[in-house]
Protein chains: 2
Amino acid sequence: MTDIDQTIVRLLDDPKSIFSLLTDEERGIIYQSMTCTTYKKGELIYKEGDKPAGLLSLASGKVKIFKEGVGGREQIVRMVKPGGFIGYRALFAGENYNGTSVALEDSTICLIEKESLFKVLKSNNELALSIIKKMATELGFSNTRTVSLTQKHIRGRLAESLLFLKDTYGFEEDNMTIKVYLSREDIANLSNMTTSNAIRTLSTFASENVINIDGRKIKILDLKRLERISELG
Amino acid sequence: MTDIDQTIVRLLDDPKSIFSLLTDEERGIIYQSMTCTTYKKGELIYKEGDKPAGLLSLASGKVKIFKEGVGGREQIVRMVKPGGFIGYRALFAGENYNGTSVALEDSTICLIEKESLFKVLKSNNELALSIIKKMATELGFSNTRTVSLTQKHIRGRLAESLLFLKDTYGFEEDNMTIKVYLSREDIANLSNMTTSNAIRTLSTFASENVINIDGRKIKILDLKRLERISELG
DNA sequence: ATAATTTTGTGTTTAAAAACATACAAATGT
DNA sequence: ACATTTGTATGTTTTTAAACACAAAATTAT
């Protein structure tokens, strides 16, 4: 069995993934149609306007999805962790990609060819229902985020982003360090603020002993306080 | 046949609705489980935290769905027109309502009981796929909106909202007047700005002959220009 | 190793929009 | 019909965050 085969099998056999709803036959169809590609840190996975070839599943690494706004300013709309899907929205909407996807670390991404996916989807109703549920949850998240990003002040937005990163990627073994290492610019683009303001506000949080910063390593020292800052707006 | 029966039949027989995908038997199940209620203008349909009893379909009238943000400020996340669904996101996510829904005019809303809906959904795969597509489209809209509301300046946001209202509700017979009559406060809550700024900016647009205002009646005089203002941010 | 580039950090200025303060008109309730 | 509430309108002040400018540190490329 090759490395790639192992990667695919690991993805398909994850009991928490939607693939656990597949019959052996369906799993076979998906397995046959899967191809994996590796991306270097910073590499483009797809860009706005590209046509989805199928469903992308992140086997390892970390990925950001962003949209370009006024004057090319980017807003990160999703952060993907291993086991997560990339660009599924455009695929299911029957549209071209609406955002751009870039690897934040070296990543392995597996493509499930569109035709095979829809074939299985048509035969497996439970799978379709599970995708409906997943998308409804994501839509709720997006709506909540819209309100946060528009109404909260800088401190609240940054605090929320740090909590979001913690929830998405978790902590390192020390139970404090957020397990993702973003540039200040990415943190800014996630939080709807300029890089200067992200840097400034992170420094302020550090001086208040809410977090500790060491380069790109961010430790949450006072989670309760960070949550309060996020809620207060 | 009662008025209510007619209302239901009209909803179910709309060839553009997802109900057109149902078999006669399935349509019967849905029909049996449907009950309609009328709401007066300004009346609450559900509020954040309520548990969905089923799928709400707007037979007639207009409805807004909003989320409360920092300091109770409301952000309108969706505007519903006849034939549209209300609160389906929470139902499909298996969550309680995340937003609040209020009738903007006297409205008739029909409830499809949850159990019947899911029974049909489990048997009709095409329906499930169509809902996936609908939600994927909505999610794309939500993401785009997030970027607009956070990055565009006041003029751009207001212009976008006016265009959105026009796209959603269309024009009156004169092909100019937007077919929805909102308070300045609602326009502000749709556009992420204060009521004062909505009033001020509407006045400016009127003085520039981009629109014409007469109370709550808004005429788009220069669509191209409005689109340009929206795009420029 | 060293130059080039990117990222991080900080101070200052400027612009945008919120908050506040009224005033008046319109709609609603009694 | 009158009082009360709600909605619309405008001017002024204050706050917030963006824009700009620059410097130092860290990466990356050559």
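Here the structure is a predicted model, which means the values were calculated and not measured. Chain A is the first sequence line, chain B the second, and so forth, proteins listed ahead of strands; every chain is numbered from 1.
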Do the side-chain N and O atoms of B:Thr100 and B:Glu48 include a donor-acceptor pair separated by under 3.5 angstrom? no
Summarise protein proximity over nucleotides 23-30 of chain C in one line of letters, 5' to 3': B for base, S for sugar-phosphate only, - for none, counting protein heavy atoms closer than 4.0 Å. --------
Answer yes or no: does a side-chain N or O of B:Arg216 lie under 4.0 Å from OP1 or OP2 of D:dT8? yes
Partners meeting ring pair (Phe, Tyr, Trp, His ring centres under 6.0 Å) with A:Tyr39 (sequence neighbours left out): none
Candidates D:dA9, C:dT8, D:dA19 - which lies nearest the side chain of A:Arg184: C:dT8
Spacing between B:Ile154 atom CD1 and D:dA18 atom C1', to the nearest angstrom: 15 Å
Residues of residues 196-212 of chain B with a heavy atom under 4.0 Å from any atom of DNA chain C, listed by number, are B:Ser196, B:Asn197, B:Arg200
Whole-Å distance, B:Gln75 CD to C:dA18 C1', equals 15 Å
Partners of A:Phe164 by ring pair (Phe, Tyr, Trp, His ring centres under 6.0 Å), sequence neighbours excluded? A:Phe141
Any cation-pi pair here, A:Lys62 with A:Tyr169, using under 6.0 Å and within 45°? yes
Quick note, side chain to side chain donor-acceptor pair (under 3.5 Å) partners involving residues 74-87 of chain B, not counting sequence neighbours, are B:Lys64-B:Glu74, B:Glu74-B:Asn189
Taking only distance into account, with no hydrogens and no angle test, what donor-acceptor pairs under 3.5 Å do side-chain atoms of residues 213-233 of chain B form with protein atoms, sequence neighbours excluded?
residue, atom, partner, partner atom, Å
B:Asp222, OD1, B:Arg225, N, 3.2
B:Arg225, NH1, B:Glu208, O, 3.3
B:Ser230, OG, B:Lys152, NZ, 3.1

Integer-rounded Å distance: D:dA25 P and A:Ile213 CD1: 16 Å
Applying ring pair (Phe, Tyr, Trp, His ring centres under 6.0 Å) to A:Phe85 and not counting sequence neighbours gives A:Phe19
Check whether any side-chain nitrogen or oxygen of B:Ser183 sits under 4.0 Å from OP1 or OP2 of D:dG7, and answer yes or no. no
Send over the distance from B:Tyr181 OH to D:dT8 P, rounded to a whole Å. 15 Å
Five pairs per end, C1' atoms only: what is the angle between the end axes of the helix from C:dA1-D:dT30 to C:dT30-D:dA1, to 10 degrees? 50°
Length of the CD-P vector between A:Glu43 and D:dT28, whole Å: 15 Å
With the side chain of A:His153 defined as its heavy atoms from C-beta on, choose the nearest nucleotide among D:dA18, C:dA18, D:dA17. D:dA17
When the distance from CE of A:Met193 to P of C:dA17 is rounded to whole Å, what number comes out? 17 Å
What integer distance in Å separates A:Gln151:CD from D:dT16:P? 16 Å
Please list all pairs passing the salt bridge (Lys or Arg N to Asp or Glu O under 4.0 Å) test where one or both residues lie in residues 82-99 of chain A, with sequence neighbours left out. A:Arg89-A:Glu95
Among C:dT8, D:dG7, C:dA18, the nucleotide that comes nearest once only the side chain of B:Glu185 is considered: D:dG7
Nearest-Å distance for atom pair NZ/P, residues B:Lys152 and C:dA16: 17 Å
B:Thr146 and B:Asn143 side chains, donor-acceptor separation under 3.5 Å: no
Ring pair (Phe, Tyr, Trp, His ring centres under 6.0 Å) partners for B:Tyr46, two or more places apart: B:Tyr97
For residues 191-202 of chain A, which side-chain donor-acceptor pairs fall under 3.5 Å, sequence neighbours excluded?
residue, atom, partner, partner atom, Å
A:Ser191, OG, A:Ser161, OG, 2.8
A:Ser191, OG, A:Ile187, O, 2.7
A:Asn192, OD1, A:Arg73, NH2, 2.7
A:Asn192, ND2, A:Leu149, O, 3.4
A:Thr194, OG1, A:Asn197, N, 3.4
A:Thr194, OG1, A:Asn197, ND2, 3.3
A:Thr201, OG1, A:Asn197, O, 2.6

Residues 50-59 of chain A side chain polar contacts: donor-acceptor under 3.5 Å, at least two apart:
residue, atom, partner, partner atom, Å
A:Asp50, OD2, A:Lys47, N, 3.0

